[in-house]
Structure formats: C-alpha cells, structure tokens
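To start, the structure under review is shown below, and the notes come after it.
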Amino acid sequence: MGIHCCRMADPVFFLAYANDRSDPDRYLRNLVDEVRAIRNAIEDKISPPYRIEVCPNATLDDIIDVFDRYEGQVRIFHFAGHADSLSLMFESDNKHQGLASQEGFTRLLARQSGLRLVFLNGCTTENHALSM
C-alpha cells in the first residue's frame, strides 16, 4: 500500500475592482493598471503554486461568488474603487454602483478563514479597516 500525499488547496490572491461607468467624472482610469501591477508583483515575487483571481467591474455578488468558490483558500483580498466611511461601492448589473455596508462587508470578510491580508483602496475606508 502506497502513501498518498494530499496537497492542500492552492492559496488564492483575489483582486477586485469596481468603477463608476455612468459618470465620466468619477471614472477611475487607473484601476486596470493598478490590478495589473499587483498581479505582476505577485508573479515576480511569489513562487507557485497559487491562483490569482481577478474580478473586473465587480458586483457584490461577484465578490461573494469568489469567496464561496474558494472557501478557505483566499489569502489576500484587494479591492480598488469608490468608497465612503459607511460603504464600499461595487458595480451593479445595470452599470451603476451597488453599495455594500461597512458592517455587512466586514462580516463577510470575517467569515473567510484563510484570509490574511485585506487591502481596500478607496476613499475614506478607515472605518472599514478599524472594524476588521
């Protein structure tokens, strides 16, 4: 009888961004470049195995789906987009912003057993960080 070695599931680095596509003055032009730079840094500095999951034009449902699909595997979550002290602003199916409350989103992140780093790149996210 042979010995079977089971490799733990690969860690996932989850990069998500959302934009305001309905208001040209609020459109964040550098989000794609930011995510590309982060992805390149991961690929240059971290040895496989790992998976990078990129979610452009992220809705809250997209975020929940990725956390569900990779339950316990997401180590890093990076969000870039609009925010205020009470909510993160995701896209919605009708191309407008969908809101995720600071309290509700913090609870979602707290349920992620493998999560080690959360980076929120949005205006006034201090309350979000303090609540984690």
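All of these numbers come straight from a predicted model, not from anything done at the bench.
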So, for [X] and [Y], which heavy atoms are closest and what is the spacing to 0.1 Å?
X: Y50; Y: D10; value: CA-CB, 4.1 Å
X: S113; Y: G72; value: OG-CA, 3.5 Å
X: A58; Y: A18; value: O-CB, 3.6 Å
X: A80; Y: L31; value: CB-CD2, 3.6 Å

Using 0.5 Å steps for rounding, measure from the [atom1] atom of [X] to the [atom2] atom of [Y].
X: L88; Y: Q102; atom1: CG; atom2: CD; answer: 9.0 Å
X: D33; Y: I38; atom1: CG; atom2: CD1; answer: 11.0 Å
X: N40; Y: K45; atom1: CG; atom2: NZ; answer: 11.5 Å
X: E53; Y: R39; atom1: CD; atom2: CZ; answer: 9.0 Å
X: L108; Y: E103; atom1: CG; atom2: CD; answer: 13.0 Å
X: I52; Y: H78; atom1: CD1; atom2: NE2; answer: 12.5 Å

I'd like to know if the side chain of D62 reaches the main chain of T59, judged simply by a donor and an acceptor atom lying under 3.5 Å from each other, with no hydrogens or angles considered. yes
Has R26 got a side-chain atom pairing as donor or acceptor with P24's backbone, closer than 3.5 angstrom? no
Single-linkage hydrophobic cluster, 4.5 Å side-chain cutoff, [X] and [Y] together:
X: L117; Y: V54; value: yes
X: F14; Y: I46; value: no
X: L15; Y: L109; value: no
X: V35; Y: L28; value: yes

For a 4.5 angstrom cut-off between non-hydrogen side-chain atoms, does I76 reach I42? no
Just wondering, do D84 and M89 contact through their side chains at under 4.5 Å, heavy atoms? yes
Run E34 and Y17 through side chain to side chain donor-acceptor pair (under 3.5 Å) and show every step you take. CA-CA 9 Å; E34 177 179 332; Y17 61 95; over 6 Å; no
Determine whether F105 and F79 satisfy the following criterion, ring pair (Phe, Tyr, Trp, His ring centres under 6.0 Å), listing intermediate values before the conclusion. CA-CA 12 Å; F105 201 73; F79 170 78; 7.2 Å; no
Quick one: which of F119, F67, F13 gives a ring pair (Phe, Tyr, Trp, His ring centres under 6.0 Å) with F77? F67
Per side chain to side chain contact (heavy atoms under 4.5 Å, CB included), V12 is matched among R75, Q73, R69 by Q73
